[in-house]
Amino acid sequence: MSRMGGRKAFDLEWVERWARQANEDRRLPVIGRFFSGRFVLGIDDTDYLIEINKGKVQKIAEGLAPNDFGFEFALRASSVTWGKFAQQVPPPMFNDIWAMAHPLHRHLRIDGNAMTFWQNLRALTHMLSLMRKA
């Protein structure tokens with residue numbers, strides 16, 4: 001992971017800051033009112049289990065315990081990829097998860113339950129775009 005001021009750029013503190021941004025957003029509870037479940041945000045070798053209830057982040061856990069495999073889907077990428085995605089104006093091919101996951105680039109890996117992923121895509125993409133404010 002890259003370092004910012006002596007600490008890891010994409011650590012638990014950063015993920016919690018992003019979650020606060022998401023929970024303070026006024027649109028997310030409306031477009032995410034049916035988005036409830038658990039997904040993994042993978043940054044380098046660290047997985048963060050994110051629990052969502054009605055479009056709000058309820059819980060974040062760093063790392064996966066043996067009993068934490070009840071998540072719906074996972075989004076995994078390097079800290080370099082997330083760093084480019086989280087820029088105020090991302091470079092081409094890092095502006096959304098589809099560009100990053102495209103088979104030509106493979107910067108992002110999407111695993112898990114495709115149905116849950118697709119059903120909550122609008123809320124999820126908006127939630128992830130709030131990383132640019134974190």
Side-chain angles (χ1 to χ4, degrees):
M1 285 187 188
S2 59
R3 298 230 174 234
M4 290 174 51
R7 68 172 185 83
K8 293 180 179 178
F10 295 99
D11 57 4
L12 183 58
E13 182 181 324
W14 183 86
V15 174
E16 288 172 341
R17 206 168 46 249
W18 161 67
R20 277 192 302 277
Q21 288 288 334
N23 285 345
E24 292 170 1
D25 186 74
R26 293 177 11 177
R27 289 177 284 177
L28 198 52
V30 175
I31 61 176
R33 67 185 173 273
F34 301 114
F35 184 15
S36 293
R38 296 165 16 134
F39 74 94
V40 169
L41 180 69
I43 303 172
D44 290 329
D45 294 330
T46 305
D47 286 334
Y48 298 93
L49 184 63
I50 315 290
E51 192 170 315
I52 307 293
N53 186 23
K54 297 180 182 173
K56 294 272 190 184
V57 178
Q58 298 296 311
K59 183 179 174 185
I60 300 169
E62 184 174 6
L64 294 177
N67 61 344
D68 281 337
F69 289 101
F71 59 85
E72 276 71 39
F73 59 90
L75 305 172
R76 292 185 172 106
S78 70
S79 58
V80 172
T81 297
W82 286 118
K84 290 179 181 182
F85 176 80
Q87 290 178 12
Q88 194 66 34
V89 179
M93 305 315 296
F94 292 92
N95 58 319
D96 83 358
I97 58 175
W98 294 116
M100 295 188 316
H102 192 279
L104 291 175
H105 308 287
R106 299 180 194 260
H107 295 294
L108 174 75
R109 197 174 82 233
I110 303 171
D111 300 316
N113 187 344
M115 181 171 293
T116 303
F117 175 79
W118 283 107
Q119 287 172 334
N120 298 292
L121 184 62
R122 176 66 183 109
L124 179 65
T125 55
H126 181 69
M127 181 181 285
L128 292 174
S129 74
L130 295 171
M131 287 180 174
R132 297 182 180 123
K133 295 180 181 181

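Note that these values count all heavy atoms, side chains included, but never hydrogens, waters or copies made by symmetry. All of these numbers come straight from a predicted model, not from anything done at the bench.
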Query - Side-chain touch H105/M100, heavy atoms, less than 4.5 angstrom - result: no
Query raised in the report: Can you name the closest pair of heavy atoms from A123 and G32 and give their distance?
Result: CB-CA, 3.6 Å
Report task. State whether the side chain of D11 and the backbone N or O of W14 hold a donor-acceptor pair below 3.5 Å, judged by distance alone. Result -> yes
Query raised in the report: Are side-chain heavy atoms of S36 and I52 found at a separation under 4.5 Å?
Result: no
Query raised in the report: Quick one: do I31 and L128 end up in the same hydrophobic cluster if we chain Ile, Leu, Val, Met, Phe, Trp and Tyr together by side-chain heavy atoms under 4.5 Å apart?
Result: yes
Query - Check: L75 and L124 side chains under 4.5 Å, non-hydrogen atoms - result: yes
Report summary line: Output for pair (L41 CG, I50 CD1), nearest 0.5 Å, gives 5.5 Å
Requested in this report: Write out all pairs satisfying ring-ring contact (aromatic ring centres under 6.0 Å, His included) with one or both partners inside residues 18-46, taking only residues at least two apart or from two chains.
Outcome: F39-F73
**Report entry** V30 to R33 - nearest heavy-atom pair and separation
**Finding:** O-NH1, 2.6 Å
Report task. Report the distance from atom CG of N23 to atom NZ of K56, rounding to the nearest 0.5 Å. Result -> 5.0 Å
Report task. Please examine the side chains of V57 and E51, heavy atoms only from C-beta on, and report whether any two atoms are closer than 4.5 Å. Result -> no
Report task. Let me see the working for I60 and L12 under side-chain contact (heavy atoms from CB on, under 4.5 Å), right down to the final yes or no. Result -> CA-CA 8 Å; I60 300 169; L12 183 58; 3.7 Å; yes
Report task. For the residue pair P90 and K84, establish whether any side-chain heavy-atom pair is separated by less than 4.5 Å. Result -> no
Query raised in the report: How many angstroms lie between NE2 in H107 and CD1 in I97, if you round to the nearest 0.5 Å?
Result: 14.5 Å
**Report entry** Value rounded to 0.5 Å, distance of NZ in K59 from OH in Y48
**Finding:** 16.0 Å
Query raised in the report: Is there side-chain contact between R76 and D47, with at least one heavy-atom pair below 4.5 Å?
Result: yes
Requested in this report: Could you give me the CA-CA distance, side-chain angles and deciding distance for F85 and W98, then say whether ring pair (Phe, Tyr, Trp, His ring centres under 6.0 Å) is met?
Outcome: CA-CA 11 Å; F85 176 80; W98 294 116; over 10 Å; no
**Report entry** Between S79 and D44, a side-chain donor and acceptor under 3.5 Å
**Finding:** yes
Query raised in the report: Can you tell if the side chain of F94 reaches within under 4.5 Å of the side chain of T81, non-hydrogen atoms only?
Result: yes
Report summary line: In short, L28 meets M127 closest at the heavy-atom pair CD2-CE, 3.6 Å
**Report entry** Shortest non-hydrogen contact from Q21 toward L130
**Finding:** O-CD1, 4.0 Å
Report summary line: Interatomic distance, CG@L121 vs OG1@T116, rounded to 0.5 Å, equals 12.0 Å
Query raised in the report: Is the closest side-chain heavy-atom distance between Q87 and R132 below 4.5 Å?
Result: no
Query - Spacing of CG belonging to L108 relative to CZ belonging to R106, to within rounding of 0.5 Å - result: 12.0 Å
Query raised in the report: In terms of side-chain geometry, is the basic nitrogen of R17 or E13 positioned less than 4.0 Å from the acidic oxygen of its partner?
Result: yes
Query raised in the report: Salt-bridged, D25 to K133, with N to O below 4.0 Å?
Result: no
